[in-house]
Asker: 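Let me begin by handing over the structure; questions about it come next.
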Amino acid sequence: MAPPSSFSFSAPDGTELAYRVRGEGSPLVALPGGPTDSAYLGDLGGLSRYRRLIMPDLRGTGGSATPRDPASYRCDRMVADVEALRAHLGLDRMDLLAHCAGANLVVLYASCHPERVERLTLVAPSVAAVGLTISGELRLETVRARAAEPWFPAAYAALEAITQGRATAASWEAITPFSYGRWDETARAHQAAADERSNPEVMAAYGAEGAYDPPATRAALARLTAPVRLLAGEVDPGAPPATVAAYAALFPEAELVIQPGAGHFPWLDDPDRFVVSVCPQEFNPADAFNASPFSGD
């Protein structure tokens, strides 16, 4: 896999922001979760073979500069960064993909600039911006299919402690395997790299008070005319399929994809299926799997 090319642009407040470019084809702007830099996205399971991936580092992370005003880390204020990136790229409309907490940013952007959204794809989305809730029981139910895994008893006990308000730092560490469809060396290395890149200041400020107005956002999304696709990992307690289905229902028309056996990073668990699910227009899904990736089977 060829290394990405790195570029930068200026946000409206003068902060210099970095982004990576991989691949060829029509541009797809991919926003990371975290909030963090975009390195962990890699090439999204080989998606760069078909699309030109444009992956920004959120302010204060990766190659992007630290802003003068820490309050500008708040999610709603980063909407201006996304719009500045669009203008910098010279795109009239953007095909947007967002993972996890990046979904909060991208739906706020779509609410403010619906005319600039060509297509929207939300992968294992956080639900904070739209005010959905995920019960502890739903999280536990989602992971029970993995009971045969050798690490499951300790991880499940830790997840129970978290859902019951008894969490410790060890509890959060113990549930890490649930984020991956396979808790193997690739997953361990991916998680270790993510831990090294985390910026607690950015994470704390991203969802600070005032960042979200769920009723207003839901009303705006109900009017969004751009095509929308949401992808959930079948065994992901962070964004359970049932919750992602409820998220999909907030749009006038949205496609829901449930990736079998996948966790919170579905492009690592089954790269080929992920690529087909995200960009079905590039493929004949029946030829790839003898089944539609939209079936949820």
Side-chain angles (χ1 to χ4, degrees), residues 4 6-20 29-41 53-89 94 96-113 116-117 120 122-134 169 172 179 190-218 220-221 238-239 247 264-265:
S6 299
F7 303 92
S8 65
F9 67 102
S10 292
D13 65 355
T15 304
E16 197 72 7
L17 302 178
Y19 65 98
R20 299 172 172 85
V29 177
L31 300 183
T36 185
D37 65 90
S38 59
Y40 80 96
L41 297 175
L53 300 179
I54 299 166
M55 302 177 287
D57 292 345
L58 301 184
R59 56 176 52 219
T61 73
S64 291
T66 300
R68 291 187 297 272
D69 180 9
S72 68
Y73 288 135
R74 208 173 72 176
C75 184
D76 59 323
R77 295 187 60 177
M78 287 196 195
V79 168
D81 295 347
V82 180
E83 175 61 3
L85 175 59
R86 181 202 63 78
H88 166 77
L89 296 171
M94 289 190 291
L96 289 159
L97 178 147
H99 175 243
C100 192
N104 296 323
L105 177 54
V106 86
V107 297
L108 292 187
Y109 178 82
S111 299
C112 295
H113 303 282
R116 298 300 190 185
V117 179
L120 191 60
L122 306 179
V123 178
S126 166
V127 297
V130 294
L132 296 177
T133 58
I134 306 173
W172 292 104
S179 293
H190 188 265
Q191 183 61 45
D195 290 341
E196 290 180 2
R197 291 194 306 271
S198 65
N199 184 325
E201 182 181 14
V202 179
M203 297 182 74
Y206 189 72
E209 184 176 356
Y212 306 127
D213 182 350
T217 301
R218 291 163 71 120
L221 297 182
Y247 204 146
H264 202 61
F265 306 95

Asker: Do you know which two heavy atoms are closest between Gly60 and Val202, and how far apart they sit?
Answerer: O-CG2, 4.1 Å
Asker: Look at the aromatic rings of Phe265 and His190 and report parallel, tilted or perpendicular, splitting at 30° and 60°.
Answerer: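 It falls in the perpendicular class, over 60°.
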Asker: Any chance you could lay out the side-chain contact (heavy atoms from CB on, under 4.5 Å) test for Val123 and Leu97, step after step, and finish with the verdict?
Answerer: CA-CA 7 Å; Val123 178; Leu97 178 147; 4.2 Å; yes
Asker: Which heavy atom of Pro125 sits nearest a heavy atom of Ala239, and at what distance?
Answerer: O-CB, 3.8 Å
Asker: Testing the basics here: between Ala11 and Leu17, what is the closest heavy-atom pair and its distance to 0.1 Å?
Answerer: CB-CD1, 3.8 Å
Asker: Under 3.5 Å, side chain of His264 to main-chain N/O of Cys100, donor-acceptor pair present?
Answerer: no
Asker: Do any pairs count as a side chain to side chain donor-acceptor pair (under 3.5 Å) and have a residue in residues 54-66, sequence neighbours left out, and if so which ones?
Answerer: Asp13-Arg59, Arg20-Asp57, Ser38-Asp57, Arg59-Ser72, Arg59-Asp81
Asker: Walk me through whether Leu58 and Met78 qualify under side-chain contact (heavy atoms from CB on, under 4.5 Å).
Answerer: CA-CA 8 Å; Leu58 301 184; Met78 287 196 195; 4.2 Å; yes
Asker: Which value, rounded to the nearest 0.5 Å, describes the distance between Ser179 atom OG and Gln191 atom CD?
Answerer: 6.0 Å
Asker: Taking all atoms of both residues into account, what is the closest heavy-atom pair of Ala211 and Asp76, and its distance?
Answerer: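 Ala211 and Asp76 have their closest heavy atoms at O-CB, 3.4 Å.
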Asker: Looking only at atom types and distance, does a side-chain atom of Arg197 sit under 3.5 Å from a main-chain N or O of Ala192, one as donor and one as acceptor?
Answerer: no
Asker: Report the C-alpha separation of Leu221 and Val130 in whole Å, then their side-chain angles, then the decisive distance to 0.1 Å, and conclude whether the side-chain contact (heavy atoms from CB on, under 4.5 Å) test is met.
Answerer: CA-CA 9 Å; Leu221 297 182; Val130 294; 3.8 Å; yes
Asker: OH of Tyr19 to OG of Ser8: how many Å apart, nearest 0.5 Å?
Answerer: 7.5 Å
Asker: Taking it one step at a time, do Val79 and Leu105 satisfy side-chain contact (heavy atoms from CB on, under 4.5 Å)?
Answerer: CA-CA 7 Å; Val79 168; Leu105 177 54; 4.0 Å; yes
Asker: Working to the nearest 0.5 Å, report the span between OH of Tyr206 and OH of Tyr73.
Answerer: 13.5 Å
Asker: Please name the residue in the list Leu89, Leu85, Thr15 that meets the side chain to side chain contact (heavy atoms under 4.5 Å, CB included) test with Phe9.
Answerer: Leu85
Asker: Tell me, please, which residues at least two apart from Asp195 pass salt bridge (charged side-chain N to carboxylate O under 4.0 Å, His left out).
Answerer: none
Asker: Which atoms form the tightest heavy-atom contact between Arg77 and Ala71, and what is the distance?
Answerer: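 Taking every non-hydrogen atom into account, NH1-CB, 3.4 Å.
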Asker: Where do Ala129 and Asn104 come nearest, in terms of heavy atoms and distance?
Answerer: N-OD1, 3.1 Å
Asker: Using the ring-ring contact (aromatic ring centres under 6.0 Å, His included) criterion, which residues pair with Tyr109? Sequence neighbours excluded.
Answerer: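 Expected list: His113.
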